[in-house]
Amino acid sequence: MLEITPTRSTYLELQEERVGMEEGYHFLDEKRLVLAAEALQELERYEVAMQDFMHLFRKATEALKGAVARHGLNGLEIYPPNANAWDE
């Protein structure tokens, strides 16, 4: 265990160290709040993007159902791409 001689200069050094630690704590606390706010904004953006995705997913699902009903599964098979189409 570290022993500290109780002198006035030791007291002042410890006080200075404590002030530095408190400043660091307040700095980190402010950074934590900024990070939390940014996380909430990102969560809101994610929720909006997920809603947009789900809307488009439902539209695509309905379109696929309609295509299957109209053409049947065999009519919707994937054909190899036209080799000349990639050269354009």
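Nothing fancy with the numbering, it's 1 onward along the sequence.
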Query raised in the report: Can you check whether E17 reaches E13 side chain to side chain, under 4.5 Å on heavy atoms?
Result: no
**Report entry** hydrophobic_cluster_shared for V48 and M54, side chain cutoff 4.5 Å
**Finding:** no
Is it the case that more than 12 heavy atoms not belonging to [X] sit under 6.0 Å from its [atom1] atom?
X	atom1	answer
L73	CG	no
R45	CZ	yes
E16	CD	no

**Report entry** For Y11, ring-ring contact (aromatic ring centres under 6.0 Å, His included) partners two or more places apart
**Finding:** none
Report task. Rounded to the nearest 0.5 Å, what's the gap from CG on L28 to CG on L35? Could you check? Result -> 11.5 Å
Query raised in the report: Going by the salt bridge (charged side-chain N to carboxylate O under 4.0 Å, His left out) test, which pairs reach into residues 47-62, not counting sequence neighbours?
Result: E62-K65
Requested in this report: Check whether any side-chain N or O of T61 sits under 3.5 Å from a backbone N or O of F57 as a donor-acceptor pair, and report yes or no.
Outcome: yes
